[in-house]
Amino acid sequence: MNLELFKNKKFQLLALLLIITAAYFNVFFNDFVWDDKDFILNWKSIRSAENLPALLGGELPARHEGVYRPVRSLIYSAAYGLFEQNVFWYHLQSLIILVIAGLLIYFITLKITKKTSLAFLTTLFFGLQPINTEAITYITASFDIWGIIFLLAAFYFWLTFRETEKRIYYIASLILAGLATFTYEIAFSLPLIILIYSWLFYRDQKNSLLKTTLPYFAWPALYFILRLLILDIPSRKAALFNDNLFFHALTIIKIAAKYLAKLLTPYNLTVYPPVRAVANFFDIYFFAALIAITAVIIFGIKQYRLKNRLMVFALALIILPLLPIIHLVPSNIVMAERYLFLPTFGYSLLLSLIIYKILEWIKKNGGNKNYLRILLTIIIIIAGVYAITTFRRNQNWKDEETLWIKTYTQIPDDARANHNFGAILAKQNKYEEAILKFQKAIELKPDYAEAYNSLGLSYLAKDQPAAAKAAILQALKLQPHYLEAVKNLGDVYLAQENFSQAIIQYKKYLEFNLRDEGVNNNLALAYLNFGQLAEAKKYFGLALELNPNLIEAKIGLALAFAGENNFSQAAALLREVLAVEPGNELAKEKLLLIKQLEK
């Protein structure tokens with residue numbers, strides 16, 4: 001057997017395209033899920049070019065503050081302009097992102113190994129690796145991957161510059177590195193990747209090494225200056241694991257080992273990979289993690305001594321992109337499979353190099369055909385298992401109900417899984433069951449503000465405003481700037497007919513989110529019931545500016561005009577409503593009443 005079966009690069013690339021696309025084809029049957037709704041369906045700022053300065057300044061949907069990815073925001077805006085809310089095109093974009101990543105990985109691998117067989121195998125394993133399904137199938141995560149695309153392109157052009165010494169490639173690489181930095185924080189690893197590659201392959205050119213490597217470190221420096229000193233965008237607050245620096249450090253080792261294990265054995269994939277923080281030095285799982293990390297380090301040192309520089313570089317491609325995500329700086333997200341998209345390149349390259357080493361050994365020892373068949377069978381089994389697992393994992397992302405029920409069955413003792421399963425039950429109007437799940441989430445995570453907020457909404461739906469108020473107030477106690485809870489507290493006061501307090505909450509919310517037609521409408525309704533007709537008209541008008549088809553705002557505005565005895569204007573608005581919704585009973589009733597008052 002000869003691994004260079006497809007020496008024609010075009011044929012190789014066509015084969016890769018067909019195989020990888022087949023593994024992801026069922027993604028087109030999936031709906032928007034999870035944060036897709038916040039970033040695509042409900043984020044109004046991406047719908048107009050007028051908001052581009054705000055996007056560049058770091059504006060994000062509520063609950064997603066604490067990161068600064070302005071290039072990603074611009075990509076969201078461009079995508080919305082092209083696709084609006086058509087989920088098919090977003091999934092097509094995700095698949096295109098994977099294909100572009102595969103192309104870049106193919107040509108980078110070809111450039112650094114000079115072997116088409118290694119380029120083919122590396123890209124095949126990368127494209128089918130099940131761990132990448134979250135990064136591609138989950139639309140919101142796929143927008144982050146644009147940062148990895150820019151990083152790979154920057155590295156490819158840097159390699160080309162080192163080969164040709166043509167400065168145009170260096171300039172292109174630096175520009176792409178900047179785009180990567182302001183798209184996704186994992187791109188901070190690019191300068192280190194370039195530095196390690198330079199050290200491994202260009203160590204004899206020390207002056208050139210510094211000149212061509214150091215400028216890449218300027219982008220992360222500029223990022224932090226802009227974000228922290230100029231725009232003052234703080235990170236999302238997160239505590240140390242077990243509130244202890246020592247145990248936090250031990251947990252970092254455990255998380256790093258779990259990421260490596262996920263690459264090696266990508267099964268039982270889940271949105272929330274469970275990780276228990278190390279609570280004492282004799283934690284058996286910590287010692288297992290420490291042994292695993294030590295083994296990787298020893299393997300890397302041995303390969304370096306054997307002058308297997310590509311092996312060392314493959315390990316660096318796995319480890320360096322993990323540095324921003326293993327909690328060297330504490331984060332609210334303990335682990336996420338989507339963060340492994342770039343390390344998967346390193347893993348796939350390492351796996352391909354090992355297979356190639358085995359092939360060379362077989363050839364050196366007589367080229368036993370049975371050994372060659374076994375090796376080919378192993379490659380087919382790996383690719384086949386990866387493809388099947390990827391295809392099946394894509395199905396878990398079909399819709400919110402499928403995703404969260406699957407997640408809950410995998411990790412029933414996870415607070416977020418309980419909360420999200422409870423949200424599905426609430427959507428199905430199963431409020432009693434939903435309340436039990438929210439309460440379980442709070443039991444598992446007592447500082448879970450979102451669970452308290454959701455609990456309050458379920459109580460409100462069950463017409464228990466007092467219990468709803470208590471739960472939402474607790475959410476705000478835990479997270480004072482939780483805008484969704486502020487809005488929901490306004491809804492509770494509105495239900496209790498405490499209109500003055502409802503007005504306070506709605507106005508507090510609108511200080512940060514003026515473009516919410518629902519809140520403008522509810523604020524107007526509170527003013528209407530409070531007898532302040534001018535204010536009611538103002539906010540009903542604002543709601544209609546944001547959404548001219550908002551029926552309840554038109555009816556409310558009609559009632560405000562009627563309260564001022566402007567019956568003709570009120571009747572005209574109600575007729576507009578009935579022209580759109582002839583069966584609207586409230587509009588019919590109010591129009592009949594106005595006609596009687598006019599007489």
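These numbers were taken from a predicted model, which means no experiment stands behind them.
- Of the possible polar contacts, one joining the Tyr68 side chain to the Leu56 backbone as a donor-acceptor pair under 3.5 Å is found.
- Taking the side-chain hydrogen bond (donor to acceptor under 3.5 Å, both in side chains) definition, one finds that Arg47 meets it with Tyr80, sequence neighbours left out.
- Every residue two or more places apart in sequence or in another chain that forms a side chain to side chain contact (heavy atoms under 4.5 Å, CB included) with Leu592 is listed here: Gln596.
- Judged purely by atom type and a 3.5 angstrom limit, Asn242 uses its side chain to pair as donor or acceptor with the backbone of Val278.
- Aromatic ring orientation, His327 versus His248: perpendicular (interplanar angle above 60°, classes split at 30° and 60°).
- Among pairs with a residue in residues 239-255, those fulfilling salt bridge (charged side-chain N to carboxylate O under 4.0 Å, His left out) read Lys254-Asp283, at least two apart in sequence or across chains.
- Note that CZ of Arg575 and CD1 of Ile594 are 9.0 Å apart. Values are rounded to the nearest 0.5 Å.
- In this structure, the separation between NZ on Lys462 and CD on Glu432 is 3.5 Å, given to the nearest 0.5 Å.
- Aromatic pair Phe32/Tyr90: ring centres closer than 6.0 Å.
- A salt bridge is defined here as a Lys NZ or Arg NE, NH1 or NH2 lying under 4.0 Å from an Asp or Glu carboxylate O, and Glu484 with Arg63 fails to meet this definition.
- For the side-chain hydrogen bond (donor to acceptor under 3.5 Å, both in side chains) test, no residue two or more places apart in sequence or in another chain qualifies with Asn51.
- Residues forming a side chain to side chain contact (heavy atoms under 4.5 Å, CB included) with Asn420 (at least two apart in sequence, or on another chain): Tyr272, Trp404.
- By the salt bridge (Lys or Arg N to Asp or Glu O under 4.0 Å) test, Glu50 pairs with no residue at all, sequence neighbours left out.
- Taking the centre of each ring, Phe421 and Tyr408 come in below the 6.0 Å mark.
- Ala524 is linked by a side chain to side chain contact (heavy atoms under 4.5 Å, CB included) to Tyr539, Phe540, counting only residues two or more places apart in sequence or in another chain.
- Although no hydrogens or angles enter the test, the distance criterion places no donor-acceptor pair under 3.5 Å between the side chain of Gln501 and the main chain of Gly490.
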Under the side chain to side chain contact (heavy atoms under 4.5 Å, CB included) rule, what do Trp397 and Glu134 come out as? Steps first, then yes or no, please. CA-CA 8 Å; Trp397 290 85; Glu134 183 174 308; 3.6 Å; yes

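- A donor-acceptor pair is defined here as one N or O able to donate and one able to accept, closer than 3.5 Å; such a pair exists between the side chain of Asp36 and the backbone of Val33.
- In terms of the side chain to side chain contact (heavy atoms under 4.5 Å, CB included) criterion, residue partners of Thr270 (sequence neighbours excluded) are, by chain and number, Pro273, Pro274, Glu337, Thr407, Gln410, Ile411.
- The line from CD of Gln496 to CG of Leu460 is 9.0 Å long, rounded to the nearest 0.5 Å.
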Pair Ile255, Val334 - check side chain to side chain contact (heavy atoms under 4.5 Å, CB included), show working. CA-CA 8 Å; Ile255 290 170; Val334 179; 4.2 Å; yes

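- Here Glu401 pairs with Gln428 under the side-chain hydrogen bond (donor to acceptor under 3.5 Å, both in side chains) rule; sequence neighbours left out.
- In this structure, Phe512 has its ring center no closer than 6.0 Å to that of His481.
- Contact annotation: the side chain of Ile131 approaches that of Leu269 to within less than 4.5 Å [non-hydrogen atoms, C-beta and beyond].
- Taking CD from Gln93 and NE2 from His91, the interatomic distance works out to 11.0 Å, rounded to the nearest 0.5 Å.
- In this structure, the separation between CG on Leu525 and CG on Asp491 is 10.5 Å, given to the nearest 0.5 Å.
- Between Val519 and Asn522, the closest side-chain pair of non-hydrogen atoms is not below 4.5 Å.
- With salt bridges taken as basic N to acidic carboxylate O contacts below 4.0 Å, one links Lys445 and Asp447.
- Checking each of Trp219, Phe182, Tyr223 against Phe188 for a ring pair (Phe, Tyr, Trp, His ring centres under 6.0 Å) leaves exactly one that passes, namely Tyr223.
- In this structure Glu564 satisfies the side-chain hydrogen bond (donor to acceptor under 3.5 Å, both in side chains) test together with Lys537, sequence neighbours excluded.
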Give the table of side-chain donor-acceptor pairs shorter than 3.5 Å for residues 141-149, with sequence neighbours excluded, one pair per line with atom names and distance.
unit_1: Ser142; atom_1: OG; unit_2: Ser94; atom_2: OG; d: 3.0
unit_1: Ser142; atom_1: OG; unit_2: Ile139; atom_2: O; d: 2.5
unit_1: Asp144; atom_1: OD1; unit_2: Arg69; atom_2: NH1; d: 3.2
unit_1: Asp144; atom_1: OD1; unit_2: Arg72; atom_2: NH1; d: 2.8

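- Inter-residue side-chain proximity for Tyr138 and Val271 is flagged as unmet; no heavy-atom pair is nearer than 4.5 Å.
- Listed by first then second residue, pairs satisfying ring-ring contact (aromatic ring centres under 6.0 Å, His included) with a partner in residues 443-464 read His419-Tyr448, not counting sequence neighbours.
- From Asn394, atom CG reaches atom CD1 of Ile136 across 10.0 Å, with rounding to the nearest 0.5 Å.
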